[in-house]
Amino acid sequence: MNSGSTLKAKATEVLGIVLVLTGFIPVVLFALGSLIPAAEASAMLGLLPTLPSGWLSTAETWLRAHKILWAPQAGLVFAIPGVLVMVLGAAIAKRQVPVRDAIHARHEDARRRVRLYRGETERLEPTLGPSISTD
């Protein structure tokens with residue numbers, strides 16, 4: 001594994017972590033907005049961009065037509081894609097775990113061999129089996 005692929009793996013893992021953190025922002029705003037009283041919630045949900053009123057009224061009309069007595073909050077429109085972005089980022093970061101483990105194993109192996117190459121101890125070559133003497 002060369003340094004280019006190592007750098008690529010690390011950058012991909014960082015991208016996954018950034019996606020998780022980016023998706024976390026609208027989810028937290030929505031969760032806090034639904035837990036605190038209405039006056040403070042409207043101020044907190046005001047941080048999110050406003051949606052055209054036609055979108056929410058269409059959603060409410062569709063829900064009423066299907067006899068679902070629930071009106072979605074505006075923050076939910078941002079929280080659901082936020083969760084999806086978080087899942088995507090977690091999947092990207094998780095795919096880099098074997099690569100990170102391989103890089104870590106390679107570095108540990110190099111650290112273990114340093115003393116052999118510096119001549120601090122007598123270098124022993126590995127063998128495939130018991131030595132056969134020809135007496």
Side-chain angles (χ1 to χ4, degrees):
M1 186 174 289
N2 60 13
S3 63
S5 62
T6 302
L7 183 62
K8 181 181 174 186
K10 288 180 182 180
T12 306
E13 186 174 16
V14 168
L15 172 70
I17 293 169
V18 167
L19 283 175
V20 169
L21 294 175
T22 302
F24 191 65
I25 294 169
V27 172
V28 166
L29 286 176
F30 173 71
L32 290 176
S34 60
L35 292 176
I36 59 177
E40 290 86 7
S42 64
M44 182 166 294
L45 290 176
L47 296 174
L48 296 173
T50 58
L51 295 173
S53 60
W55 288 8
L56 289 178
S57 64
T58 304
E60 290 174 4
T61 305
W62 186 87
L63 290 170
R64 238 182 264 124
H66 289 83
K67 297 185 185 243
I68 300 172
L69 301 175
W70 177 69
Q73 293 181 353
L76 186 63
V77 175
F78 297 101
I80 291 174
V83 169
L84 295 176
V85 167
M86 289 173 65
V87 169
L88 175 68
I92 290 172
K94 185 178 178 183
R95 287 187 63 157
Q96 300 306 312
V97 170
V99 176
R100 186 181 62 224
D101 290 344
I103 293 168
H104 181 71
R106 185 171 179 212
H107 285 294
E108 286 297 317
D109 188 44
R111 254 187 240 121
R112 180 183 59 82
R113 292 176 184 232
V114 161
R115 64 182 167 83
L116 297 175
Y117 291 119
R118 285 191 182 153
E120 294 173 6
T121 62
E122 183 180 327
R123 183 171 177 179
L124 299 174
E125 295 296 329
T127 60
L128 297 176
S131 61
I132 301 173
S133 63
T134 56
D135 290 324

Single-linkage hydrophobic cluster, 4.5 Å side-chain cutoff, Phe24 and Val83 together
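In one cluster: yes.
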
What's the spacing between [X] [atom1] and [Y] [atom2] if we round to 0.5 Å?
X      : Y      : atom1 : atom2 : value
Thr6   : Ile103 : OG1   : CD1   : 4.0 Å
Arg111 : His107 : CZ    : NE2   : 7.5 Å
Leu7   : Thr12  : CG    : OG1   : 9.0 Å
Lys10  : Arg100 : NZ    : CZ    : 11.0 Å

Dump the intermediate steps for side-chain contact (heavy atoms from CB on, under 4.5 Å) on Arg112 and Glu108, then the final yes or no.
CA-CA 6 Å; Arg112 180 183 59 82; Glu108 286 297 317; over 6 Å; no

Closest heavy-atom pair and its distance - [X], [Y]:
X     : Y     : answer
Val27 : Met86 : CG2-SD, 4.1 Å
Pro26 : Phe78 : CB-O, 3.6 Å
Leu19 : Val85 : O-CG1, 3.3 Å
Val99 : Ala9  : CG1-CB, 3.2 Å
Ala93 : Glu13 : CB-O, 4.3 Å

